[in-house]
Asks: 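Just passing along the structure, written as structure tokens.
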Amino acid sequence: MNVDVNIKEKIIVIVGPTAVGKTALSLALAKKYQGEIINGDSVQVFRGLDIGSAKATSDEQAGIPHHLIDIRNPDETYNVYDFKQKVDQLIKEISARGKCPIIVGGTGLYIQSVLYDYKFPTTTGDSVLRDKLGEQSPFDLHRQLADLDPASAEKIHPNNVKRVIRALEICLTTGEKCSNQSSATEQIAKYNATVIGLSMAREQLYERINSRVHLMLAQGLEAEVRTLYQAGFGQAQSMQAIGYKEWLPYFEGACSLVDVIEQIQKHSRRFAKRQFTWFQNKMAVNWFEIDPAKPTMQFDTISETVQLFLGKAQ
RNA sequence: GCUAGAGCGACGAAGUGGGAGAGUCGUGGCAGACUGUAAAUCUGUUCCCGUUGGGUGAGUAGGUUCGAAUCCUACCUCUGGCA
């Protein structure tokens, strides 16, 4: 199959682990190149989750169009499918305006789904079926999957109940096999994208993460989470985010504030590691190492790369 | 100074008290997987080396023994008690 290169829209993608400085770079590039920012992050979509998700402040956003931020209430859901649909549409619109779409985010799956044009199984989440399946033992679930879709069963570890259930859900509601549907997607780049990755020496990144948690606290993180908690959103999807879920035991008197801080730091460090794993292994990234002492020093180099990319004839 | 107890693996804990185990639990680190919750969920690994195997190993140095984490001696460190 030949995809006509000429019709591919140009997009800039900024990826990297949490706390590395993606937001700052996105703002700088958007200003310089008349870009519009598309949030590629699974938490910043929720209203009211501002400090803990490290959203750009409204001052920072001023004058630069931002998309897919604050588009959900804290008790609503959001997923890759929603994201990809909206992004495809947004890229079309923004490009038609003669602007450059800049996708910024740390959610590997989301970014991947856009870059490689994932085709998702048609079945939407069926919570009744999921609950019913959830009552069974992991072993039984996995055995069922082995009957219906051996390829998936082999790929998914029996302990990974969420993914076993999702695979079963696809088999049971569509009659298709999860493994067939996902492999139907070829690794074909849908857009003419330059993927800029920001990295940092592990130790320094971890220090930055640790101190950023204290910064968030100073900015009023506890009050932000308490408001959401008191509004009854404790069990919502949005509250599973790092920086939020860790407060629940504290509000219930089961742990100390120090415990909360340490948990948030730990979860953030692990998350950063998982982000590295994804971006390094799943997609072609143009990496730039950030020096935490001079975080904007690389921006000029990156900017040149971007200019070259944008200037190139299609 | 005297006395009682305790010292192992990146860290913490429990347990064992002549036939051992680089064993158990937890934490941290490292690595990995990922197609509708993905900041989710899950997996592997973590003394050394030539890694389907081999080596060293229970504070340190000796001793007893066919065999020692275990018993003995000395020393070091920590904790409690007494001065």
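So that the names make sense, note that chain A is the first sequence line, chain B the second, and so on, each numbered from 1. All heavy atoms count here, side chains included; hydrogens, waters and symmetry mates do not.
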Asks: How long is the line joining CZ of A:F83 and C1' of B:A39, in whole Å?
Replies: 14 Å

Asks: Could you tell me which residues satisfy side chain to side chain contact (heavy atoms under 4.5 Å, CB included) with A:S58, sequence neighbours excluded, listed by chain and number?
Replies: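 For A:S58, no residue satisfies side chain to side chain contact (heavy atoms under 4.5 Å, CB included) once neighbours in sequence are set aside.
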
Asks: Would you check, one step at a time, whether the test side-chain hydrogen bond (donor to acceptor under 3.5 Å, both in side chains) holds for A:T18 with A:R212?
Replies: CA-CA 10 Å; A:T18 184; A:R212 192 174 71 162; 2.8 Å; yes

Asks: Mapping A:Q240 and A:H267 onto RNA chain B by nearest heavy atom, which one lands closer to the 5' end?
Replies: A:Q240

Asks: Would the distance check show the side chain of A:R72 and the main-chain N or O of A:F46 forming a donor-acceptor pair, the cut-off being under 3.5 Å?
Replies: no

Asks: Among residues at least two apart in sequence or on other chains, which ones pass ring-ring contact (aromatic ring centres under 6.0 Å, His included) with A:Y229?
Replies: A:F251

Asks: Remember a base hit wins even if backbone is also touched, and classify A:Q237 as base, sugar-phosphate or nothing at under 4.0 Å, heavy atoms.
Replies: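 Sugar-phosphate contact only.
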
Asks: Scan residues 41-59 of chain A against RNA chain B and write down, sorted by residue number, each residue with any heavy atom closer than 4.0 Å; if none is found, say none.
Replies: A:D41, A:S42, A:V43, A:G52, A:S53

Asks: Give me the residues of residues 65-82 of chain A where at least one heavy atom lies under 4.0 Å from an atom of RNA chain B, by number, or none.
Replies: A:Y78, A:N79, A:V80, A:Y81

Asks: B:U46 C1' sits how many Å from A:R270 CZ, rounded?
Replies: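 Those two atoms, CZ and C1', are 14 Å apart.
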
Asks: Considering only B:C42, B:A39, B:U37, which nucleotide approaches the side chain of A:N160 most closely?
Replies: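 The answer is B:C42.
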
Asks: How many angstroms lie between atom CG of A:L29 and atom CZ of A:F299, to the nearest 0.5 angstrom?
Replies: 7.5 Å

Asks: Let's see if you can work this out: which of B:G29, B:U35, B:A39 has an atom nearest to the side-chain heavy atoms of A:A241?
Replies: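 It is B:A39.
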
Asks: Below 4.0 angstrom from OP1 or OP2 of B:G32, is there any side-chain N or O of A:N281?
Replies: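 It does, given that an N or O in the side chain of A:N281 lies less than 4.0 Å from OP1 or OP2 of B:G32.
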
Asks: For the CD1 atom of A:I64 and the OG atom of A:S26, what is their distance to the nearest 0.5 Å?
Replies: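 That separation rounds to 7.0 Å.
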
Asks: According to a hydrophobic-cluster definition based on side-chain heavy atoms being under 4.5 Å apart (Ile, Leu, Val, Met, Phe, Trp, Tyr only), do A:M297 and A:L27 belong together?
Replies: no

Asks: Name the atoms and distances for all side-chain donor-acceptor pairs under 3.5 Å in residues 193-202 of chain A, with sequence neighbours left out.
Replies:
none

Asks: Is A:S113 close enough to B:U35 that one of its side-chain N or O atoms is under 4.0 Å from OP1 or OP2 there?
Replies: no

Asks: Of all residues at least two apart in sequence or in a different chain, which pass the ring-ring contact (aromatic ring centres under 6.0 Å, His included) check with A:F83?
Replies: A:Y110

Asks: Taking only side-chain nitrogens and oxygens of A:N159, does any of them come within less than 4.0 Å of OP1 or OP2 of B:U43?
Replies: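 For A:N159, the contact criterion (side-chain N or O under 4.0 Å from OP1 or OP2 of B:U43) is met.
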
Asks: Nearest heavy atom decides the nucleotide; on that basis, is A:V161 or A:Y206 closer to the 5' end of RNA chain B?
Replies: A:Y206

Asks: Just how far, in rounded Å, is P of B:A38 from NZ of A:K282?
Replies: 16 Å

Asks: Expressed in angstrom and rounded to an integer, what is the separation of A:L205 atom CG from B:C30 atom P?
Replies: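 Atom-to-atom, A:L205 to B:C30, this comes out as 10 Å.
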
Asks: Check whether any side-chain nitrogen or oxygen of A:R166 sits under 4.0 Å from OP1 or OP2 of B:U37, and answer yes or no.
Replies: no

Asks: Could you check whether A:K10 makes a cation-pi contact with A:Y191, meaning its NZ or CZ is under 6.0 Å from the centre of the six-membered ring and within 45° of the ring axis?
Replies: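 Geometry flag: not set, cation outside 6.0 Å or 45°.
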
Asks: What residues in residues 215-229 of chain A put a non-hydrogen atom under 4.0 Å from any atom of RNA chain B?
Replies: none

Asks: Taking the C1' atom of each, how far is B:C34 from B:U27, in whole Å?
Replies: 26 Å

Asks: Kindly say if A:Y116 contacts the phosphate of B:C34, meaning a side-chain N or O under 4.0 Å from OP1 or OP2.
Replies: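 Negative; the distance criterion is not met.
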
Asks: Can you tell me how far P of B:A33 sits from NZ of A:K155, to the nearest Å?
Replies: 12 Å

Asks: Is it true that A:K22 and A:D41 make a salt bridge, defined as a side-chain N closer than 4.0 Å to a carboxylate O?
Replies: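 So A:K22 does not pair with A:D41 through a salt bridge.
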
Asks: Taking only N and O in the side chain of A:R274, is any of them less than 4.0 Å away from OP1 or OP2 of B:A40?
Replies: yes

Asks: Give, for atom CG of A:L228 and atom CD of A:E224, the distance between the pair rounded to the nearest 0.5 Å.
Replies: 6.5 Å

Asks: Quantified in whole Å, what is the P atom distance between nucleotide B:G7 and nucleotide B:G12?
Replies: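 My reading of the P atoms in B:G7 and B:G12 gives 13 Å.
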
Asks: Check whether any side-chain nitrogen or oxygen of A:K84 sits under 4.0 Å from OP1 or OP2 of B:G36, and answer yes or no.
Replies: no

Asks: My understanding is that only residues two or more places apart in sequence, or in another chain, count here; which of them pass side-chain hydrogen bond (donor to acceptor under 3.5 Å, both in side chains) with A:R208?
Replies: none

Asks: Distance check, P atoms only: B:U77 and B:U60, in whole angstrom units.
Replies: 15 Å

Asks: Expressed as a whole number of angstroms, how long is the span from A:F120:CZ to B:U37:C1'?
Replies: 13 Å

Asks: Can you list the residues that meet the side chain to side chain contact (heavy atoms under 4.5 Å, CB included) rule with A:P65, with sequence neighbours excluded?
Replies: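 Result, side chain to side chain contact (heavy atoms under 4.5 Å, CB included) vs A:P65: A:E36, A:H67.
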
Asks: Is it possible for you to say whether A:L310 and A:F288 belong to one hydrophobic cluster, with membership spreading through side-chain heavy-atom contacts below 4.5 Å?
Replies: yes

Asks: Taking ring-ring contact (aromatic ring centres under 6.0 Å, His included) as the test, write out the residues that go with A:Y250, two or more places apart.
Replies: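 Per chain and number, A:Y250 pairs via ring-ring contact (aromatic ring centres under 6.0 Å, His included) with A:W247.
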
Asks: So, is A:K273 close to the B:A31 phosphate, meaning a side-chain N or O under 4.0 Å from OP1 or OP2?
Replies: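 Checking A:K273 against B:A31: at least one side-chain N or O falls below 4.0 Å of OP1 or OP2.
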
Asks: Can you find a side chain N or O atom of A:R163 that sits less than 4.0 Å from OP1 or OP2 on B:U35?
Replies: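 So the side-chain polar atoms of A:R163 do come within 4.0 Å of the phosphate oxygens OP1 or OP2 of B:U35, strictly under.
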
Asks: Taking only side-chain nitrogens and oxygens of A:T277, does any of them come within less than 4.0 Å of OP1 or OP2 of B:G32?
Replies: yes

Asks: With a 4.0 Å cutoff (strictly under), does any side-chain N or O of A:R202 reach OP1 or OP2 of B:A31?
Replies: yes

Asks: Taking it one step at a time, do A:S303 and A:D300 satisfy side-chain hydrogen bond (donor to acceptor under 3.5 Å, both in side chains)?
Replies: CA-CA 5 Å; A:S303 185; A:D300 288 342; 5.9 Å; no

Asks: According to a 3.5 Å limit on both distances, what stems of 3 or more consecutive Watson-Crick or G-U pairs are formed with RNA chain B?
Replies: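 RNA chain B forms these stems: B:1-7 with B:76-82, B:10-13 with B:24-27, B:28-33 with B:41-46, B:47-49 with B:53-55, B:59-63 with B:71-75.
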
Asks: A:H157 has a side chain; which of B:C34, B:U37, B:C42 sits nearest to it?
Replies: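 Between B:C34, B:U37, B:C42, the one nearest the side chain of A:H157 would be B:C42.
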
Asks: Counting distance only, does the side-chain N/O of A:T23 pair as donor-acceptor with the main-chain N or O of A:A56 below 3.5 Å?
Replies: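 No, A:T23 side chain to A:A56 backbone: no donor-acceptor pair under 3.5 Å.
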
Asks: Output the rounded distance in Å from CZ (A:F279) to P (B:A33).
Replies: 14 Å

Asks: In whole Å, measure the gap between the C1' atoms of B:C48 and B:A38 for me.
Replies: 38 Å

Asks: For B:A38, does either OP1 or OP2 sit under 4.0 Å from a side-chain N or O belonging to A:Y110?
Replies: yes

Asks: For nucleotides 24-26 of chain B, tabulate all protein N/O to nucleotide N/O atom pairs closer than 3.5 Å, reporting atom names and distance.
Replies:
none

Asks: For the hydrophobic clusters of this structure (ILVMFWY residues joined by side-chain heavy atoms under 4.5 Å, transitively), does one cluster hold both A:I69 and A:M216?
Replies: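 Per the 4.5 Å side-chain linkage, A:I69 and A:M216 are not co-clustered.
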
Asks: Nearest whole Å is fine: how far is B:U35 P from A:L168 CG?
Replies: 14 Å

Asks: How far, in whole Å, is B:C49 from B:A33 if one measures between their P atoms?
Replies: 25 Å

